[in-house]
Amino acid sequence: MGESKLDHDKMDIQQFREDLLNWFVREQRDLPWRKDNQPYKVWVSEIMLQQTRVDTVIPYFERFMEEFPDMEAFAAADDESVLKIWEGLGYYSRVRNLHSAVKEVVEHYDGKVPDTREEISKLKGVGPYTAGAILSIAYGKPEPAVDGNVMRVLSRILLIEEDIAKPSTRKVFEAAVRTLIDPANPSYFNQALMELGALICTPTSPACLLCPVREHCKGYANGKEQVLPVKTRKKSVKHLSLLSAVLKTADNLYLIRKRPNEGLLANLWEFPTVEVATSKQYSTQRQVLSRYLEKEYETNIQLETGTFTHVDHIFSHLTWSMDVFAGEISKTLNHQDEVRLVTQEELETLAFPVPHQKIWKAYKEIYAMNK
DNA sequence: CATGCGTGGGT
DNA sequence: TACCCAAGCAT
């Protein structure tokens with residue numbers, strides 16, 4: 001008597017919270033964005049961490065906070081600096097949206113990050129996960145922050161077999177978190193679930209024997225920890241062949257152009273590049289590229305006979321196979337927004353996608369112009 | 001709801 | 001090699 005199912009679950013939930021949070025207090029990693037809970041820092045770190053590993057983010061976060069220590073500093077930054085500090089981190093629309101949203105907060109929220117889901121969700125780039133993360137970590141609010149870690153961890157603990165690849169499934173886990181979350185410390189609860197997913201309850205071969213909440217785990221109890229979460233995989237990637245050129249004038253200026261302001265690698269700079277149907281012989285490639293460049297830039301261009309490098313790059317949804325020529329431009333051209341002739345030093349202040357960084361690195365090594 | 005959007009690491 | 005994965009969001 002008095003041992004209703006609800007009472008039993010309540011007891012279990014309290015023990016679960018205690019075991020989880022004790023583990024987190026003991027084992028959490030020392031990360032630069034955990035030094036304090038300033039909303040701005042939490043916000044920046046959460047945007048950087050979207051689909052991105054902790055080890056990758058750390059140096060970016062340090063540089064970011066050094067250059068833009070507060071929202072006012074970041075709001076005042078120019079677009080090129082904003083893109084440059086994100087160079088190599090990927091998903092570049094994140095920083096464009098963050099810049100826009102921080103300016104919005106500085107100008108229309110009196111410099112204070114909103115503390116309700118309703119208001120914070122209006123900011124560009126702040127979706128359901130990021131809203132919950134900021135609200136719980138910076139403001140201590142009992143809001144779910146459901147990311148891939150949380151879905152994996154809770155699918156095992158609660159033995160939830162819904163397909164986590166489906167967008168609608170997130171709601172199931174948000175409901176679960178609302179039941180489980182520790183009202184006394186929502187910040188640690190949410191972070192602990194994610195930390196557990198990163199350190200113990202990993203995608204492959206979870207370390208169940210080291211798990212602080214193994215006794216609460218239905219997946220483990222049923223021998224299903226290896227088959228959870230259920231996740232359907234997606235489509236194959238498309239392969240593209242590209243020809244690219246590093247073009248230099250007689251007075252050592254390089255031709256670069258800005259990519260379109262939306263879509264893949266939006267607003268980043270690149271060496272002139274053209275897509276071709278298939279990879280062909282160098283002589284044919286050289287002809288195709290030469291014709292393209294002369295038509296595009298209406299200037300005389302002399303390409304070297306063979307390519308100086310080949311770059312393969314794998315994106316999440318497509319691959320580039322790039323053959324790259326070096327060449328000379330015989331005439332200068334008018335400066336435009338999208339096309340520029342720049343010195344080596346100027347070039348290196350601008351943001352390039354990784355494959356073009358590889359091209360530039362190979363070019364400098366081959367033409368012995370390091371330093 | 002499905003798709004596009006980066007990059008680097010792991011097996 | 002060829003996947004799969006990582007603190008998602010906008011459209």
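Chain letters run A, B, ... following the sequence lines, proteins first and then strands; every chain starts at 1.
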The side chain of [X] lies closest to which of these nucleotides: [options]?
X         : options                : result
Pro353(A) : dG9(B), dC5(B), dT7(B) : dT7(B)
Gln50(A)  : dC9(C), dG6(B), dC1(B) : dC9(C)
Gln51(A)  : dG8(B), dG8(C), dC5(B) : dG8(C)
Tyr129(A) : dC9(C), dT7(B), dG8(B) : dC9(C)

To the nearest Å, how far apart are [X] [atom1] and [N] [atom2]?
X         : N       : atom1 : atom2 : value
Leu264(A) : dA10(C) : CG    : P     : 19 Å
Ile58(A)  : dG8(B)  : CD1   : C1'   : 14 Å
Met48(A)  : dC5(B)  : CE    : C1'   : 18 Å

**Report entry** Over-ring placement of Arg63(A) relative to Tyr60(A), 6.0 Å and 45° cut-offs
**Finding:** yes

Query - Sequence neighbours excluded - salt bridge (Lys or Arg N to Asp or Glu O under 4.0 Å) pairs with any residue from residues 125-147 of chain A - result: Arg117(A)-Glu143(A), Glu143(A)-Arg178(A)

Query raised in the report: Considering residues at least two apart in sequence or located in another chain, which fulfil the side-chain contact (heavy atoms from CB on, under 4.5 Å) criterion with Glu67(A)?
Result: Ser81(A), Ile85(A)

Query raised in the report: Is Glu338(A) salt-bridged to Arg257(A), cutoff N-O under 4.0 Å?
Result: no

Report task. Could you tell me whether Glu72(A) and Lys103(A) have a side-chain N and a carboxylate O separated by less than 4.0 Å? Result -> no

Touch class at under 4.0 angstrom, heavy-atom based, for [X] against every strand present:
X         : value
Gly88(A)  : sugar-phosphate
Val126(A) : sugar-phosphate
Lys166(A) : nothing
Arg259(A) : nothing
Ile47(A)  : nothing
Thr130(A) : sugar-phosphate

Report task. Rounded to whole angstrom, note down the P distance from dC4(C) over to dT3(B). Result -> 16 Å

Query raised in the report: Are Tyr109(A) and Pro114(A) side-chain neighbours, meaning at least one heavy-atom pair lies under 4.5 Å?
Result: yes

Query raised in the report: Looking at DNA chain B, which of residues 90-102 of chain A put a heavy atom within less than 4.0 Å of it?
Result: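 By residue number: Gly90(A), Tyr91(A), Tyr92(A).
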
Query raised in the report: Pick the nucleotide of DNA chain C nearest each of Lys124(A) and Glu46(A); which residue has the one closer to the 5' end?
Result: Glu46(A)

Query raised in the report: Just by distance, do the side chain of Arg152(A) and the backbone of Cys201(A) share a donor-acceptor pair under 3.5 Å?
Result: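 Between the backbone of Cys201(A) and the side chain of Arg152(A) there is a qualifying donor-acceptor contact (under 3.5 Å).
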
Query raised in the report: Looking only at N and O atoms, is any donor in the side chain of Thr204(A) or the base of dG10(B) less than 3.5 Å from an acceptor on the other one?
Result: no

